[in-house]
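I have placed the structure first, in the form of structure tokens, so that the comments after it can refer back to it.
Every value quoted in this text rests on a predicted model; they were computed, and no experiment measured them. Each ligand, and each atom within it, is numbered from 1 in the order the structure gives. For reference, positions follow the sequence shown, starting with 1.
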Amino acid sequence: MSGTHPSRRRFLKKGAVAAGLVAAPPAALELTGGSSTVAAQVPAVADNNAIESVLYGRRSRFVTTTREIEGRSHYQVPRIRPNPQRPSAKTPLAELTGTITPTSLHFTTQHYYGIPDINPAEHTLMVEGMVDRPLVFTMDELHRLPFVSRVHFLECVGNRPSPRGATVTATHGRMGCSEWTGVPLSVLLAEAGVRGGASWIIAEAADGGRHTKSVPLAKALDDVLVAYGQNGEPVRPDHGYPLRLLVPGFEGIYNVKWLKRIKVVDQPYLSFQEHSRFLTPDPKTQRDSYDFGPNSVITRPSGDQRLEAHGAHVISGLAWSGSGKVSRVEVSTDGGATYQEAELVGPVLSKAHTRFCLPWRWNGDEAVLQSRCLDERGQLQPTEAEYAQYWGLTRGQLYGTIQSQLGHCNWIQPWKVGSDGKVTNGLEPVDVVVDVHA
Ligand SMILES: Nc1nc2c(c(=O)[nH]1)N[C@H]1C(S)=C(S)[C@@H](COP(=O)(O)O)O[C@H]1N2
Ligand SMILES: [Mo]
């Protein structure tokens with residue numbers, strides 16, 4: 001789906017918002033006569049009363065938002081759309097409200113292998129290596145241990161603001177935020193007894209690619225979860241059923257899905273995912289990169305949407321930081337010349353998406369909307385120019401390099417509102433953009 005909001009568009013036309021009075025818009029009714037792109041996808045008949053709809057719930061037939069399928073996962077792999085071997089997809093951020101990403105719409109990344117079909121009755125988790133007592137847990141045993149539930153964002157290092165990104169899904173859709181439930185890894189490690197001299201763990205998956213990642217032991221003992229629940233349900237197959245590692249604030253790739261084995265060791269292993277994708281001959285980028293810095297993006301209005309009326313609007317988006325809580329979000333409507341503090345909506349949780357909003361009157365002039373995040377560590381989200389200067393990169397390098405070899409691309413994404421209300425990307429165009437999800 002495109003990022004347009006047909007229901008909102010119709011509603012705004014009537015001028016109710018411009019008057020500052022927000023009554024509940026009759027979205028479904030409006031849509032029947034609304035945008036043809038959406039109307040075309042609306043099933044002719046409602047099945048709200050069908051048994052299947054009641055058994056597992058079903059959204060309104062007027063709501064048709066889906067994830068957006070990824071083309072390729074590696075710059076050397078030809079673009080195939082969609083690729084059944086590694087079905088990956090992005091979150092339609094512009095269509096969502098609040099901070100929890102519905103699991104059905106939560107982005108998903110598969111590398112060279114597809115999604116396995118694992119029988120939980122046969123699945124086990126082994127904890128071994130530099131421990132006093134190597135242990136094997138069945139899923140039943142894991143479910144009998146004390147658990148925690150925590151809300152955390154999960155983001156792929158492949159997210160990057162980009163002049164070529166027509167929508168916020170294109171630039172930032174490789175992220176989601178869920179309530180994760182599971183056993184703290186520290187509990188399992190205490191059970192096994194970590195030996196002196198240990199400093200890392202290696203987490204390994206049960207999928208065909210045996211996705212493997214090294215995690216510092218200090219992080220493993222801090223807030224890492226062995227998660228079996230996502231948003232109140234068992235983790236779904238594309239997110240790692242029946243068990244995944246959840247490494248809050250770290251790059252997505254650390255969050256090993258279909259988790260099979262934890263090995264306690266005294267050094268990081270150069271596993272396939274590390275050496276083939278994340279190390280380059282350039283010493284500047286040959287660094288360990290873990291938790292994401294402060295970040296934010298406006299999701300409404302954002303690329304490919306259109307403001308249909310002058311007057312009252314609300315600028316809304318998401319802010320997050322891998323270092324902890326968001327402490328402040330500021331929004332600019334003049335391309336960064338001046339900023340105003342936005343309201344943080346709902347709970348502000350550590351290493352979680354935080355929704356922000358700012359009421360704004362649009363008088364019909366061109367405007368450049370952008371947000372910046374300050375996190376509790378005092379780190380401020382950089383502009384593109386500040387980021388490039390810090391790493392000594394040209395704009396060509398910024399957009400012509402694979403995201404995972406750059407690091408964490410958390411610079412500010414501006415959206416430009418034209419005098420016709422059309423919202424487009426506010427970054428200066430560049431010749432080359434390499435877009436890869438890692
Ligand atoms: N076993 C396994 N774990 C994996 C991956 C994978 O391909 N296989 N992809 C990683 C990457 S790169 C990301 S960004 C996240 C995505 O998690 P999600 O699919 O639940 O959104 O999972 C990580 N864990
Ligand atoms: Mo990723």
Side-chain angles (χ1 to χ4, degrees), residues 67-70 72-75 77 83-93 100-118 123 125 152-160 169 172-182 202-215 224-231 233-262 271-274 276-278 289-292 320 322 353 402-409 435-438:
R67 293 194 280 203
E68 208 170 273
I69 298 293
E70 289 268 12
R72 62 181 172 183
S73 66
H74 195 277
Y75 72 109
V77 175
N83 183 340
Q85 266 71 55
R86 38 190 167 76
S88 301
K90 297 186 197 175
T91 305
L93 291 171
I100 298 293
T101 313
T103 313
S104 296
L105 298 176
H106 187 287
F107 92 104
T108 183
T109 296
Q110 271 60 247
H111 289 288
Y112 300 96
Y113 306 91
I115 299 162
D117 176 38
I118 297 177
H123 190 78
L125 173 66
H152 288 302
F153 75 83
L154 182 60
E155 182 180 16
C156 178
V157 75
N159 261 353
R160 168 171 60 184
T169 295
H172 292 78
R174 293 157 180 146
M175 66 173 179
C177 184
S178 295
E179 183 204 62
W180 299 97
T181 298
I202 315 295
E204 188 186 285
D207 61 328
R210 295 177 74 193
H211 183 99
T212 305
K213 202 69 188 152
S214 310
V215 182
V224 172
L225 299 184
V226 169
Y228 46 72
Q230 181 179 4
N231 297 331
E233 285 188 312
V235 167
R236 292 194 183 174
D238 50 351
H239 300 300
Y241 183 82
L243 202 61
R244 85 172 304 163
L245 203 64
L246 207 273
V247 187
F250 274 35
E251 294 171 3
I253 199 158
Y254 285 86
N255 298 260
V256 176
K257 304 193 277 191
W258 316 295
L259 181 66
K260 179 80 190 150
R261 188 158 76 118
I262 301 272
S271 69
F272 176 67
Q273 287 302 343
E274 264 130 340
S276 76
R277 306 168 74 85
F278 293 89
S289 49
Y290 307 126
D291 49 321
F292 286 111
W320 66 103
H353 278 168
I402 301 164
Q403 293 94 308
S404 58
Q405 292 180 353
L406 275 183
H408 303 150
C409 306
D435 180 42
V436 172
H437 70 96

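- Contacts between Glu251 and ligand 1, counted as non-hydrogen atom pairs separated by less than 4.0 Å, are absent for every part of the residue.
- Checked by distance only, ligand 1 and Ala205 stay at 3.5 Å or farther apart across all their nitrogen or oxygen atoms.
- In summary, the atoms of ligand 1 found under 4.0 Å from a heavy atom of Asp207, numbered by their order in the structure, are 1 (N), 8 (N).
- Close N/O approach between Thr108 and ligand 1 is found [any backbone or side-chain N/O within under 3.5 Å].
- If you look at Trp258 next to ligand 1, the close heavy atoms, those under 4.0 Å, all belong to the side chain.
- Using cut-offs of 30° and 60° on the angle between ring planes, the pair Phe153 and Phe292 is tilted.
- Residue His239 has at least one N or O atom closer than 3.5 Å to an N or O atom of ligand 1.
- Ligand 1 has no N or O atom lying under 3.5 Å from any N or O atom of Gln110, backbone or side chain.
- Listed by number with element, the atoms of ligand 1 under 4.0 Å from a non-hydrogen atom of Asn255 are 22 (O), 23 (C), 24 (N).
- Of all the atoms in ligand 1, the ones that sit under 4.0 Å from a non-hydrogen atom of His106 are 21 (O).
- Using a 4.0 angstrom heavy-atom cutoff, Arg244 counts as in contact with ligand 1.
- Across Tyr228 and Leu243, no two heavy atoms sit closer than the pair CB-CD1, 4.2 Å.
- With a 4.0 Å cut-off on non-hydrogen atoms, Leu154 touches ligand 1 through its side chain and not its backbone.
- Of all atoms in ligand 1, numbered sequentially from 1 with element shown, those under 4.0 Å from a heavy atom of Asp238 are 19 (O).
- Ligand 1 places these atoms under 4.0 Å from at least one heavy atom of Cys156: 14 (S).
- Nearest heavy-atom pair, Phe107 versus Leu154, reported as atom, atom and distance to 0.1 Å: CE2-O, 3.3 Å.
- In this structure a side-chain-to-backbone donor-acceptor pair under 3.5 Å is missing from Ser104 to Pro102.
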query: Going through the checks in order, is the side chain to side chain donor-acceptor pair (under 3.5 Å) test met by His172 and Glu155?
result: CA-CA 9 Å; His172 292 78; Glu155 182 180 16; over 6 Å; no
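- At least one donor-acceptor pair under 3.5 Å links the side chain of Thr101 to the backbone N or O of Cys177.
- In this structure, the side chain of Lys257 does not engage the main chain of His211 through any donor-acceptor pair within 3.5 Å.
- Across every non-hydrogen atom of His152 and Trp180, the tightest pair is O-NE1, 3.5 Å.
- For Arg236, the CZ atom counts as densely surrounded, since its 6.0 Å shell holds more than 12 non-hydrogen atoms of other residues, nucleotides or ligands.
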